[in-house]
There are 2 protein chains.
Amino acid sequence: MENNYSNYDLDNLDIQILSILMNDASIPYTEIAKKLIVSGGTIHVRMKKMEELGIIKGSNLIINPQKVGFDITAFLGIYLEKGSQYSDAVSQLKEIKEVVELHYCTGQYSIFAKIICRDTVHLRKVLNEDIQSVQGIQRTETIISLEESIKRQISLV
Amino acid sequence: MENNYSNYDLDNLDIQILSILMNDASIPYTEIAKKLIVSGGTIHVRMKKMEELGIIKGSNLIINPQKVGFDITAFLGIYLEKGSQYSDAVSQLKEIKEVVELHYCTGQYSIFAKIICRDTVHLRKVLNEDIQSVQGIQRTETIISLEESIKRQISLV
DNA sequence: GTTGAAAAGTGCTGCGA
DNA sequence: TCGCAGCACTTTTCAAC
């Protein structure tokens, strides 16, 4: 695994290419090339470089979870019995497919998770059965999202 | 804007196409067609249908924020003076580029936000200057992520 | 709704500057 | 290191099933 950190030597062109593709990965290289006034080959070389450096981790399709029947987003603050149980708890939480994001945190919670469920019945099942059976968890606090008003990537410029 | 909700009549083929592309949007239709034993044209028709229905919201390039110099992820619980100030606060928070996710919530916080910053200096500037200048905010609680252990999409199957 | 193949457009590679 | 041109591949379209 490559080391994290470091800005490398991303120049302005690299940043602009990323900025465009971060919002829509389906834009063709030739169009980006026209917009930035370089050749398509240059875009290709830059992208390849950034892929090799691990700056680009891939691409994914964004779907509307509500439209495929997943209607509830919740955040879960998790208190662990002991901090040392973190990695154990994580590997158990990874098995729960509804957990889409998980952070090791400062502050009141040891672990902070984002989960997406179909409906209230589904959420209750995940909270009461799946989460509660993870060893090392003392107790949890649930915050339910009633509306996701912003969802975007960081702005590089 | 199309109405949200409803499962539509996504059949098994639609679900499987989405499942593949959600993890890697660069896989060619022809390859998906081979895997699911249908023609490339069918994949194309299904994708077009799902795009028109608003199920697919686009695609994006996943970048490693640390490698482009964004090293700190934080969650922000925001208390509003009055609940009625929500939409006003949201439009002001939208202007802060470091805010990448924002939810209207139940529970102790009115608003829950995710922000990504370059370093501690940058974070302090966002918290003390940008967030504090938003009208209607009473106080905030900050949770800093020391490690993102899981980051994925929902599993449709 | 699906298929298969033709047409159009894009990505990739090597040579030259 | 960058740009250009040719080849391979993909997406898109469409007539036929």
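In the text below, chain A, chain B and the rest are named by the order of the sequence lines, each starting its count at 1. Keep in mind that the numbers below use all heavy atoms, side chains included, and drop hydrogens, waters and symmetry copies.
A donor-acceptor distance shorter than 3.5 angstrom exists from the side chain of B/Gln153 to the backbone of A/Leu61, with no hydrogens or angles considered. The backbone N or O of B/Thr73 sits nowhere less than 3.5 Å from a side-chain atom of B/Lys114 that would complete a donor-acceptor pair. Within the 3.5 Å criterion, the main-chain N or O of A/Ile144 finds a donor-acceptor partner in the side chain of B/Thr106. Judged by distance alone, with hydrogens and angles left aside, the side-chain atoms of A/Asn23 form a donor-acceptor pair with the main-chain N or O of A/Ser19 at under 3.5 Å.
Phosphate proximity of C/dT2 to B/Arg46: present, with a side-chain N or O under 4.0 Å from OP1 or OP2. The side chain of A/Ser39 contributes no N or O atom lying less than 4.0 Å from OP1 or OP2 of D/dC2.
Distance, A/Ile43 CD1 to D/dC2 C1': 12 Å, rounded to whole Å.
Residues from residues 11-25 of chain B lying near DNA chain D, meaning a heavy-atom separation below 4.0 Å, are absent. DNA chain C is contacted by A/Pro28, A/Tyr29, A/Thr30 of residues 26-37 of chain A, taking any non-hydrogen atom closer than 4.0 Å.
Side-chain contact of B/Glu141 with B/Tyr79: a donor-acceptor pair under 3.5 Å is present, judged by distance alone. Between the side chains of A/Ser149 and B/Tyr86, at least one donor N or O lies within less than 3.5 Å of an accepting N or O.
As judged by a 4.0 angstrom heavy-atom cut-off over every strand, A/Val45 is placed among residues making no nucleic acid contact.
Aromatic ring pairs are classed by plane angle as parallel below 30°, tilted from 30° to 60° and perpendicular above 60°; the pair A/Phe112 and B/Phe112 is tilted.
The nucleotide whose nearest atom lies closest to any side-chain atom of A/His44 is, among C/dG1, D/dT13, C/dC12, C/dC12.
For B/Lys49, the NZ atom sits in a packed shell: over 12 heavy atoms of surrounding residues, nucleotides or ligands are nearer than 6.0 Å.
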